[in-house]
Amino acid sequence: MSTNVPVFGLNLPQSQAVTYLDGPCLVLAGAGSGKTRVITQKIAHLIEDRGYDPRTIAALTFTNKAALEMQERIAKLLKQPKQAKQLTVSTFHSLGVKILRQEAHGVGLKDRFSIMDADDCGSLVQDMALTTDKQVVRRIQTAISLWKNGLVDPLAALNQAKDEDEAQSARVYASYVATLSAYQAVDFDDLIRLPVELFRNNDPIRDKWQRRLRYLLMDEYQDTNTCQYELVKLLVTGIGKKPMFTAVGDDDQAIYAWRGASVENLKTLQTDFPDLQVIKLEQNYRSTTRILQAANAVIGNNPKLFEKSLWSEHGLGEPIQVTSMPTDDAEADQVAMLISVDHFTRKNKWSDYAILYRGNHQARIIEQALRKERIPYTISGGQSFFDKAEIKDIISYLRLLANTDDDPAFIRAVTTPRRGVGQSTMETLGTFSGQWQCSLFEAVFKGGIEGLLPDRQLNPLRDFCNFINNLEARASRPGPSGSGDNAAQVLDDLLEAINYENYLYDMFDERAAQSKWQNVLEFVNWLKDRGRGGKDRDGEEKNVLELTQMVALMSMLEGQDEDPDAVRMSTLHASKGLEYPHVFLVGCEEGILPHKGDADAPAESIAARVQEERRLMYVGITRAQRTLHITWCKKRKRAGEQVHCDPSRFIKEMKLDEGTAVPLESEVLTPKERLARMKELLATPKPTV
DNA sequence: TTTAGTAACTTTTTT
DNA sequence: AGTTACTAAA
């Protein structure tokens, strides 16, 4: 097939990107230029026109939400929608789990390894660094994460440490790695790093996976880190084999440098693959011209990696509004009111509106305001369903069931609900297990522990461990249907046995307990559903272990039970890749956006950080399709006290005063005025747009 | 030893 | 505002 025949409904560069299959391909896709469209169409093209087996195609995204959405879009595109289920559409991390689950032995893990979340890792670091200072713990955690993502081992980290802080982090790094392997556990970074290690050292296994995944597509390529890029390279390059992949990215939307991503990967791609075909998508199908102009003006202040200029065939559109607010409370109220009024006057859906902000904590105050106005909303980004304490409690039991060496899970499960095991018991047990180099669970039955713990403390421990053992025996017994455990029954038994519902009602007031128990039931039902192979029963059946490992990665809220008609609230980071007709970008103040970090950082890194914040602003602006409303506060509550704020430098950089938009001065209404205005607006006919 | 209640300290972004 | 650290009772 010639690459010059345009695919129906695509412009020329899009079409070229879809049909180009002579080698590796990089698509530089500006905001709103239809990059997801290119990926989904290309997958359809591979299957339907080129005869690819869907099982040999993998598309990698950055969030589970994006993966889910992409799979749905592909299903709609295919003549046989069921083929979409055979594709690997997942995050890098999920692919890592998939590989590790099959190749655990190759990296020295037992089959039933645990996946530890950031909290578990945090308490690990806390113990090993001998500090309770949360700041220090987080600093060490990010240092370790950056090392892992950069494929630097503990020894190298120690050698290249520049100051005592880094040396301390490196020492903790060493014992951290040792402890994880003692637990038979991995952290998020290991999910990518271990497959890389495996493929580097084991050619037959690497070969196997290369045959398994013949074509690779990557979304948001600008946000990949060294380790992820290495995994990709190992998967696509082989002797006598043509590297086959498509990477899609935009250097202006790189906003994850803080977690090890490097935009340089875009450039490196060109040197590593000299025959790389580079295709630029510069036509924007999303926003009005005014919005694009503002976005371009802001990003123009950053150095360019690739030359590109976005343009749009849409009209000029409505002016961008910039409003100053006296306080953050007023900002939230005002935005809620503006949305309410606009919703009723223009007869728009609630879901046409999005409120975007820099930090999760900004969501709280906005939520309150929206509730006051009776506006339905959904929050994406921020702490997820799976991070709720009651859900993590249940998960810790499942993890322990799957892997009794998982000490963090043991600690949580054995102490919640309270069963007479407290701090000092755990300390004794911990020292003992440390001396004998065994897990806490093992230590409970090891000879010698009787001398250290009186029966009063030892009995509850033994009772608990016997309980887990019994449950585990039942969990791994084949269910009536043959293969797989009877996950549903095990889950019910577990909740019953630990009396979790009563525990909740003992610990919390009626209302809180009720909602928490509701969450638990919802979670358990969700698990049971997945255990049976998913909603349509055409997914793979999963046992308790697989379910547990899957849940560990579900840190983002899934779009399943989202209210379809509700105002969207999101952090700027979580909004990447999404679009909304009407966008409110709140809290545009110096110190918030750009966010101020360590003032004593070197000037160079401060400059780099401001550039990343500017890209964040760019992402925010380019989410908007029709209207954009930016707000900033003169005063804001911060750690209790009111603090004076200045407008963000990025507002000036939008160059709104040069004829593209009219800045609007602050306009704060009292409830009475608001009501009057509302009535007045409701009476006027819907404006034509 | 465990738990419950009160006083002080902090808020980037996420797989 | 929301969590954590510390102190007093059971």
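All of these numbers come straight from a predicted model, not from anything done at the bench. Proteins get letters first, then strands, A, B, ... in listed order; numbering begins at 1 in each.
C:dA1 atom P lies 11 Å from atom CG of A:D328, rounded to whole Å. Taking atom CZ of A:R138 as the reference point, atom C1' of B:dT12 lies 7 Å away to the nearest angstrom. To the nearest angstrom, C1' of B:dT13 lies 9 Å from CZ of A:R259. When the P atom of C:dA1 is taken as reference, atom CD of A:Q642 falls 11 Å away, rounded to whole Å. Atom-to-atom, CE of A:M617 to P of B:dT13 comes out at 18 Å; the value is rounded to the nearest Å. Distance, A:H573 NE2 to B:dT13 C1': 4 Å, rounded to whole Å. Between A:Q368 atom CD and C:dA1 atom C1' there is a gap of 9 Å when expressed in whole angstrom units. Rounded to whole Å, atom P of B:dT1 lies 14 Å from atom CG of A:L429.
At a threshold of 4.0 angstrom between heavy atoms, the contacts of A:Q135 are confined to the sugar-phosphate backbone, with no base atom among them. At a threshold of 4.0 angstrom between heavy atoms, the contacts of A:T425 are confined to the sugar-phosphate backbone, with no base atom among them. No contact: A:R636 has no heavy atom under 4.0 Å from any strand. Looking at heavy-atom distances under 4.0 Å, A:R364 makes contact with sugar-phosphate atoms alone, never a base. Across all strands, A:F92 comes closer than 4.0 Å to no nucleic acid atom at all (heavy-atom distances).
Remark: aromatic rings of A:Y176 and A:Y173 are distant, center separation not under 6.0 Å.
The side chain of A:N149 places no N or O atom within less than 4.0 Å of a non-bridging phosphate oxygen (OP1 or OP2) of B:dT15. Applying the 4.0 Å criterion to OP1 and OP2 of B:dT15, one finds that A:N64 has every side-chain N and O outside that range. In this model, the phosphate group of B:dT12 is not approached by any side-chain N or O of A:T571 to a distance below 4.0 Å at OP1 or OP2.
Proximity note for A:Q457 (side chain, C-beta onward) versus B:dT13, B:dT1, B:dT15: the nearest is B:dT1. When distances are taken from the side chain of A:E613 to each of B:dT14, B:dT15, B:dT12, the shortest belongs to B:dT12. Checking B:dT15, B:dT14, B:dT11 against every side-chain atom of A:H361, the shortest atom distance belongs to B:dT11. Here B:dT15 is the nucleotide among B:dT14, B:dT1, B:dT15 with the atom lying nearest to any side-chain atom of A:T63. For A:K134, the side-chain atoms get nearest to C:dT4 when compared with the rest of B:dT14, B:dT12, C:dT4. Considering only side-chain atoms of A:R358, the nucleotide from B:dT14, B:dT15, B:dT12 that sits closest is B:dT12.
Salt bridge annotation for A:K637-A:D329: present, with a cationic side-chain nitrogen under 4.0 angstrom from a carboxylate oxygen. For A:D153 and A:K148, the salt-bridge test fails: no basic side-chain N is under 4.0 Å from an acidic carboxylate O.
Aromatic stacking is marked for A:W258 over B:dT13, as both cut-offs hold: 5.5 Å for the centres and 30° for the planes. Per the stacking criterion (ring centres < 5.5 Å, plane angle < 30°), A:H595 stacks onto the base of B:dT12.
Between A:K637 and A:R456, the residue whose closest nucleotide on DNA chain B is further toward the 5' end is A:R456.
Between C:dT4 and B:dT13, the two P atoms lie 15 Å apart (nearest whole Å).
Looking only at distances, a side-chain donor or acceptor of A:Q228 sits under 3.5 Å from a matching main-chain atom of A:N225.
A:R412 pairs in a salt bridge (charged side-chain N to carboxylate O under 4.0 Å, His left out) with only one of the listed residues (A:D119, A:D393, A:D117), which is A:D393.
By the 30° and 60° cut-offs, the orientation of the rings of A:F62 relative to A:Y256 is parallel.
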